[in-house]
Number of protein chains: 2
Amino acid sequence: MSSIDFLLNNSEVVKSLYYHNPSTSADISCYTGKSIPHVIKILNELVKEGYVAENGYATSSGGRKPLNYSLVSDTHFLLSVSMDQFSTQMVIVDMNNRFITEVIRYEFDLLRSEPGTLVNYIKIFIKDSGVSKKNIIGIGLTMPGFVNTKEGVNYTFLKVADQTLVEYVQQRIKIPVFLENDSKAIALGEQKFGIASNVENVLVLNLGWGIGLGMILGGKIFRGNNGLAGEFSHIPLFKNGKLCKCGKHGCLETEASLIAVTATAKQGIAAGQITSLANYEVVDADVIINEAIKGDAYSVRLISEAAYHVGEGLAILIHLMNPAVIVLSGKGSVVGKLWLAPIQQAINEHCIPMLTQYTELVISNLNSKAQLLGAAALVVENFGKPLEAKLKAIKEISGSIN
Amino acid sequence: MSSIDFLLNNSEVVKSLYYHNPSTSADISCYTGKSIPHVIKILNELVKEGYVAENGYATSSGGRKPLNYSLVSDTHFLLSVSMDQFSTQMVIVDMNNRFITEVIRYEFDLLRSEPGTLVNYIKIFIKDSGVSKKNIIGIGLTMPGFVNTKEGVNYTFLKVADQTLVEYVQQRIKIPVFLENDSKAIALGEQKFGIASNVENVLVLNLGWGIGLGMILGGKIFRGNNGLAGEFSHIPLFKNGKLCKCGKHGCLETEASLIAVTATAKQGIAAGQITSLANYEVVDADVIINEAIKGDAYSVRLISEAAYHVGEGLAILIHLMNPAVIVLSGKGSVVGKLWLAPIQQAINEHCIPMLTQYTELVISNLNSKAQLLGAAALVVENFGKPLEAKLKAIKEISGSIN
DNA sequence: GAAAACTTATTAAATATTTAATAAAGTCTT
DNA sequence: AAGACTTTATTAAATATTTAATAAGTTTTC
């Protein structure tokens with residue numbers, strides 16, 4: 001059995017260690033559902049192979065002190081790629097979920113750029129990172145748009161002729177690639193490392209230019225039948241006649257996104273509204289958020305109105321999904337406190353109390369790291385059979401080409 | 001090992017046989033994910049114990065003819081209890097999912113009746129059925145309201161002091177009881193025996209007085225964190241100011257339910273609308289549906305408008321869940337064709353085409369049987385550990401009382 | 001009408017995993 | 001400080017399950 005196969009064959013234990021560091025044998029038994037003797041057997045083998053290290057004893061809770069186990073950080077690495085519509089961030093993560101490089105940001109306009117450019121950026125990033133390519137076990141590629149994870153396609157951006165995006169990148173980099181929608185990746189990050197870790201049913205809002213949604217249902221990312229679930233920002237909620245960029249009218253996004261807020265602000269300023277926003281040459285979302293934080297009443301009102309509309313949408317979600325926790329995440333969550341009160345207000349007004357009493361609304365503690373962590377976790381989630389299959393496919397193609 | 005334990009220890013194979021009758025060893029291997037030799041070993045043991053019968057050969061598809069296996073019908077039975085707000089239906093089902101008694105209907109007003117009355121009806125039904133009580137392996141109890149399946153409680157109806165409803169019934173009948181919400185039971189029925197069988201992501205609408213929703217997500221009934229998921233009829237969708245019975249305004253139900261339709265009809269008649277409904281002393285939903293079928297233009301318009309509003313709600317659901325199939329089920333689905341066109345119209349108008357192209361809208365072929373089949377399937381779903389645990393609990397309590 | 005291809009059934013060996021028992025090493029109570 | 005009680009680690013035996021190989025029927029092909 002080759003070295004990496006050994007890691008992948010015991011993927012349940014490895015995953016558990018990646019997410020919970022350090023762990024005792026009892027912890028791992030609990031997380032994986034395997035018996036303690038079996039877990040210890042696997043751990044000892046992993047120690048022998050150099051993938052796992054014992055590191056001291058944990059404190060006792062009234063019995064023999066348990067041994068602590070951790071993954072050895074530098075046996076393999078994960079490449080985390082986190083795209084939004086205008087830029088792409090990359091970082092390399094070790095087996096203990098630590099960033100071992102700087103987070104590098106590349107200008108990359110999803111609408112106008114080519115997949116080839118992305119591949120080049122990845123190649124450059126790997127080269128500059130100093131990490132040996134053969135030690136990078138997988139790439140988590142996360143991006144906006146209609147993403148079909150199973151097929152490895154993004155129906156919205158970076159379409160490639162006669163090939164899936166995943167195949168395209170994988171063939172050129174020769175590292176297994178896993179594709180996911182940005183909001184779903186953020187949800188995964190929040191579930192594994194965030195404030196809602198280990199909760200079965202979580203809704204994660206990706207507050208940014210639009211309003212993305214990632215759902216963890218029954219402990220797993222919910223993707224729907226074609227990977228298109230969670231199109232929260234386009235639910236038809238308003239009879240406002242406003243045309244959305246999706247082609248329909250009255251989408252949540254037409255009232256609740258930062259794009260809508262910016263449009264309203266410009267109208268307000270033109271109409272002579274008294275606001276510090278009037279002092280700016282260019283009014284964009286960042287400006288409005290900053291002025292709101294500083295206390296400009298009009299800016300606060302604009303954000304609050306948008307947040308209230310988000311809350312109206314969330315009221316629908318709560319009725320349908322009965323989640324334990326709703327997390328406000330994504331880049332916009334840094335001003336989470338601005339959103340919190342109006343959203344809660346809308347929920348209180350529009351939800352049956354029986355339902356709200358069981359649902360908690362919280363602000364992410366991961367900030368902008370959620371998507372990067374989620375992209376790495378996406379690779380870890382595929383440890384085992386799926387990763388093995390991709391490695392095999394790459395080997396076959398390389399073999400036949402070289 | 002006692003007789004029933006043997007059945008429950010091999011529950012995966014037994015479940016597969018219950019849902020797919022007859023099956024070959026290859027079928028069962030496929031459904032359960034176990035290897036063929038292992039499945040055959042279990043089957044042979046089940047045959048020896050008298051739970052399974054070989055019955056002839058299936059046709060070959062280009063190889064050796066496979067043996068057909070079925071569960072023996074009369075080793076055990078399931079009691080299916082299917083409640084709506086005003087009446088309760090019961091039937092006994094055999095191990096091949098066949099109704100072996102008449103479906104008996106009891107008048108039982110959920111709001112005004114006592115749990116004790118339900119228990120009495122169940123006792124009477126079992127006695128009259130002629131089926132020996134000790135052969136009834138479980139009761140599937142399905143009813144409207146906020147049902148927490150895990151806790152065994154209905155927060156809306158039939159509350160019992162100091163005890164869960166499941167405990168209450170179970171202690172008095174001494175048969176394991178499994179509780180589920182009516183719409184979720186219908187969804188289970190549709191998933192296992194209906195037009196959407198074996199589909200991973202299905203939304204099932206329970207068209208009746210209200211509009212219930214049961215969701216099958218990732219192949220399983222989705223219940224949310226407290227069993228309260230799927231409150232479709234109370235999503236806040238309209239700014240109509242109409243007060244809903246839930247205490248809020250603008251719920252889907254205020255525009256789309258048969259209750260709303262009936263109210264609108266009465267207003268219309270009073271306002272002199274030309275319609276055959278005017279000939280009736282009492283106008284209720286049944287009357288409107290009947291006249292719509294006969295062709296009364298006003299009745300058709302009323303139903304269509306309600307259906308269109310249901311479609312608006314479904315458009316939201318499609319954006320969020322990306323289901324493969326949406327099934328119109330429940331008692332109201334007998335006039336499914338009246339609903340179909342306006343719902344589809346609303347979906348087309350309010351959904352992103354990318355999403356609608358993957359979602360099929362169909363009418364149930366189970367009609368009013370869906371809930372009864374779902375209630376029986378609920379017991380089957382709990383074959384194995386959960387049923388074993390309940391049997392043990394009953395034995396302990398009986399032992400300590402008697 | 002054989003040969004080839006295919007599916008199913010059976011068997012034996014290998015592997016995965018759990019259970020139960022015991023030993024080792026702690027904490028807590030009195 | 002002794003004894004009761006916990007928790008963890010280790011071992012051996014039992015059970016569950018899969019893999020691989022082979023045999024037994026059926027259909028398809030030529």
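Each chain gets a letter, A, B and so on, in the order the sequences are listed, and its residues count up from 1. Every heavy atom of this structure was used, including side-chain atoms; hydrogens, water molecules and symmetry mates were not.
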Under 3.5 Å, side chain of B:N96 to main-chain N/O of B:L71, donor-acceptor pair present? yes
Rounded to the nearest 0.5 Å, how far does OG1 of B:T24 lie from CG of B:N68? 7.0 Å
D:dT15 P sits how many Å from B:N10 CG, rounded? 14 Å
Taking all heavy atoms of A:S16 and all of A:S23, pick out the closest pair and write down the distance. O-OG, 4.4 Å
Could you tell me how far apart A:E12 (CD) and C:dT17 (P) are, to the nearest whole angstrom? 9 Å
Side chain to side chain, A:H38 and A:I36, heavy atoms closer than 4.5 Å: no
Over how many whole Å does the gap from A:N44 atom CG to D:dT8 atom P extend? 16 Å
When you measure from every atom of DNA chain D, which of residues 23-39 of chain B have a heavy atom less than 4.0 Å away? B:G33, B:K34, B:S35, B:P37, B:H38
From CZ of A:R64 over to C1' of C:dG26, roughly how many Å is that when rounded to an integer? 9 Å
Considering only heavy atoms from C-beta outward, does the side chain of A:I28 approach that of A:E12 to under 4.5 Å? no
Expressed as a whole number of angstroms, how long is the span from A:E45:CD to D:dT10:C1'? 15 Å
Check B:V204, B:I221, B:T142, B:V380 against B:L188 for a side chain to side chain contact (heavy atoms under 4.5 Å, CB included) and give me the one that passes. B:I221
Look up atom CG in B:L391 and atom CD in B:E396, then write down how far apart they are to the nearest 0.5 Å. 11.5 Å
Aromatic rings B:F193 and B:Y18: how do their planes relate, parallel, tilted or perpendicular, breaks at 30° and 60°? perpendicular
Grab the OH-C1' distance between B:Y57 and C:dT8 for me, whole Å please. 10 Å
Without decimals, in angstroms, what is the distance between A:E54 CD and D:dA9 P? 9 Å
Atom-to-atom span, CD1 of A:I40 to C1' of D:dA12 - whole angstrom: 15 Å
Between protein and nucleic acid, restricted to nucleotides 27-30 of chain C and to nitrogen or oxygen atoms under 3.5 Å apart, what atom pairs and distances do you find?
none

So does A:L378 get a backbone contact from the side chain of A:N382, meaning a donor-acceptor N/O pair under 3.5 Å? yes
